Amino acid sequence: MNCVFCEILAGRIPASFVYRDERVAAFMDIQPVNAGHVLIVPVAHAASLEEVSERDGAAMLSVAQRLAGALKASGIRCEGVNLFLANGEAAGQEVSHVHLHVFPRFVEDGFGLKFPPNYSRKPSRRALEEDAEAIRQVLK
Ligand code: AMP
């Protein structure tokens, strides 16, 4: 398998680690949105959120929580923190080893999300209820 994050975890590609335990690891993103941008990955390869075990997923979020605090205390410019996870190519996932981005934000740092043109039109309660029901039906 040709997975860049597995190669990093195996020590065959250089990375700057900030955390590692038996379940998860965190290292600096090679192309940061802002300085301090960290990626959290499960040690066991999982391509997507659907594949990652619930325990590894929970461990990723737990480390993200700690990292958010660490970023604020680190001296790196950090007025706020974003967590971002692209699950699937259509969502912007480029590396097929699930990873949670944790990166510092500050006012006017130039980063932003682009919303679709119809975003300002709120759906009816009925439409929201229909979507909620469709999700409830399959939620495990
Ligand atoms: P995504 O678009 O959510 O799949 O993000 C993939 C992230 O992996 C990007 O932010 C890349 O900069 C980062 N990345 C790719 N290769 C490496 C690498 N060798 N070391 C650290 N980060 C990497």
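Just so we're clear, the structure is a prediction, and the values are computed from it rather than from any experiment. Both counts, for ligands and for their atoms, begin at 1 and track the order of listing. Position 1 is the first residue of the sequence; numbering continues from there.
- Under the side-chain contact (heavy atoms from CB on, under 4.5 Å) criterion, D56 pairs with R23, P42, A44, V52, S53, not counting sequence neighbours.
- Within 4.0 Å of ligand 1, heavy atoms belong to protein residues V4, F5, I8, F27, M28, D29, I30, Q31, L39, A86, G92, Q93, E94, V95, H99, H101.
- Taking V43 as the reference, R20 meet the side-chain contact (heavy atoms from CB on, under 4.5 Å) condition, with sequence neighbours excluded.
- Taking the six-membered ring for Trp and the full ring otherwise, H101 and H99 have centroids separated by under 6.0 Å.
- Of the possible donor and acceptor atoms, none in the side chain of E79 sits under 3.5 Å from a partner among the backbone N and O of F106.
- For an aromatic pair to be called close, the ring centres must be under 6.0 Å apart, and F103 with F111 satisfies this.
- Residues forming a salt bridge (Lys or Arg N to Asp or Glu O under 4.0 Å) with E51 (at least two apart in sequence, or on another chain): none.
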